[in-house]
Amino acid sequence: MTLGEFSVIARFFSRPVSAGILGVGDDAARLRLPPNTDLVSCKDLLIEGRHFFANVSPDTLGHKALAVNLSDLAAMGAKPLACLLGIGLVTPRADWLAEFADGFYRLADQWQCPLIGGDTIASEFGTVISVTVMGTLPSGELGLRRNRGQIDDDLWVSGDLGGADVALRALQGDVNISPELLAATRARLERPEPRVALGQALLPHAHAAIDISDGLTQDLQHLLKASNCGAEIHWQQLPIHPMIQTLPENIKRLAVLNGGDVYELCFTAPRRSRAAIEQLAIALSVPLSRVGSLTPTPGLRLRHGNGLVESLTAQGFDHFKRGEQHG
Ligand code: ADP
Ligand code: MG
């Protein structure tokens with residue numbers, strides 16, 4: 001028996017929400033904003049074949065669809081409030097939907113970000129998923145805006161880099177890696193852990209932040225442009241995924257500098273925040289690496305151990321430029 005639109009919603013996307021919230025079931029959801037907060041919102045669209053493989057595990061996809069949005073909230077320093085899910089399916093299958101919903105709700109529960117509505121449609125071109133996430137920031141709080149970087153700020157990166165890109169290239173058949181290495185890097189691509197707690201904890205200490213979903217070089221340059229300054233980063237200080245250290249230099253370099261799908265935060269903070277940030281790394285169990293600093297000279301430069309300094313140009317993912325990886 002094929003599932004209809006309303007049974008899909010009722011069976012898979014109608015889990016109860018807290019008292020005081022009007023969730024799924026009416027024409028629109030309704031909830032109260034906590035006093036003295038501003039609403040922060042964002043949306044990401046994921047399309048089969050472009051952002052995920054048709055055969056990806058549905059639990060993983062449910063997780064990632066929400067994770068990429070929570071990562072954007074984290075990069076603003078916002079606290080999750082609620083989310084909406086738009087989904088287009090060619091043929092709704094109960095087992096697939098049950099797993100997808102489990103992956104989605106598990107992460108939503110983890111960050112107290114209830115699913116309060118959405119839309120469900122038939123798609124002719126494969127699965128399409130669009131999640132909207134809403135969050136809050138205290139009114140008057142500047143937030144981790146891209147344009148708040150200041151000259152001489154330290155530049156920090158959370159987590160590690162390069163794993164997602166290596167896994168993606170391996171799954172696409174572009175590079176050959178061992179099954180152990182694929183197993184070790186695949187979670188970075190498929191089950192990113194959005195840095196939600198870190199983003200909020202950074203509010204008193206950091207200036208600007210961005211998540212590295214389109215690659216470090218490209219996303220950092222967005223921040224630099226908005227902040228009207230440049231940066232120097234040190235290759236030796238970049239937190240390279242430990243398992244990719246032994247890969248050929250060119251593959252590793254591309255993965256670390258340009259590889260996308262990295263749901264880590266790159267942020268700037270004044271020198272006086274160093275001790276507080278190191279404490280945060282311990283308190284939240286999130287590795288935080290100080291990788292460089294902001295400079296008055298525009299552009300992005302990479303310094304190597306031997307003193308060589310090279311200029312980096314933005315080369316990350318762009319949806320309207322063909323022949324590159326997904327993003
Ligand atoms: P309308 O036709 O008024 O847009 P729908 O019949 O599409 O309403 O949706 C009925 C209810 O189910 C609404 O509350 C809507 O927000 C919710 N809903 C629909 N699809 C989803 C989904 N994929 N996830 C969560 N809620 C959904
Ligand atoms: Mg509808």
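Not measured: the values here are computed from a predicted model. Position 1 is the first residue of the sequence, and the numbers go up from there. Whatever order the structure lists ligands and atoms in, that order sets their numbers, starting from 1.
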Going by the order shown, which atoms of ligand 1 are within less than 4.0 Å of some heavy atom of [X]?
| X | result |
| --- | --- |
| V24 | 12 (O), 14 (O), 17 (C), 25 (C), 26 (N) |
| F6 | 6 (O) |
| T120 | 19 (C), 20 (N), 21 (C), 22 (C), 23 (N) |
| E5 | 6 (O), 7 (O) |
| D27 | 3 (O) |

- Query: Which bit of L84 gets closer than 4.0 Å to ligand 1, counting heavy atoms only: side chain, backbone, both or neither?
  - Reply: neither

- With heavy atoms under 4.0 Å as the rule, classify the contact between I9 and ligand 1 as side chain, backbone, both or neither. side chain

Hey, does the side chain of [X] reach the backbone of [Y] with a donor-acceptor pair shorter than 3.5 angstrom?
| X | Y | answer |
| --- | --- | --- |
| S227 | R146 | yes |
| S273 | A276 | no |
| R301 | P298 | yes |

- Message: Let's go through I212 and L161 carefully: what are the C-alpha distance in whole Å and the side-chain angles of both, what is the deciding distance for side chain to side chain contact (heavy atoms under 4.5 Å, CB included) to 0.1 Å, and is it a yes or a no?
- Response: CA-CA 9 Å; I212 320 176; L161 302 171; 3.9 Å; yes

- Given L85, V131, I129, which one has a non-hydrogen atom that is nearest to atom 22 (C) of ligand 1? L85

- Could you walk me through whether R188 and D160 pass salt bridge (charged side-chain N to carboxylate O under 4.0 Å, His left out), step by step? CA-CA 9 Å; R188 296 288 190 278; D160 55 39; 2.8 Å; yes

- Report yes if G25 has an N/O atom closer than 3.5 Å to an N/O atom of ligand 1; otherwise report no. yes

- Do any nitrogen or oxygen atoms of I87 come within less than 3.5 Å of a nitrogen or oxygen of ligand 1? no

- Can you list the steps and then say if E264 with S158 is a side chain to side chain donor-acceptor pair (under 3.5 Å)? CA-CA 5 Å; E264 296 295 347; S158 68; 2.5 Å; yes

- Task: Look at the aromatic rings of F267 and W156 and report parallel, tilted or perpendicular, splitting at 30° and 60°.
- Result: parallel

- Query: Does ligand 1 have any atom that is closer than 4.0 Å to a heavy atom of F12?
  - Reply: no

- Please lay out, stage by stage, how D59 and R106 fare under the test salt bridge (charged side-chain N to carboxylate O under 4.0 Å, His left out). CA-CA 9 Å; D59 183 284; R106 201 181 308 115; 2.8 Å; yes

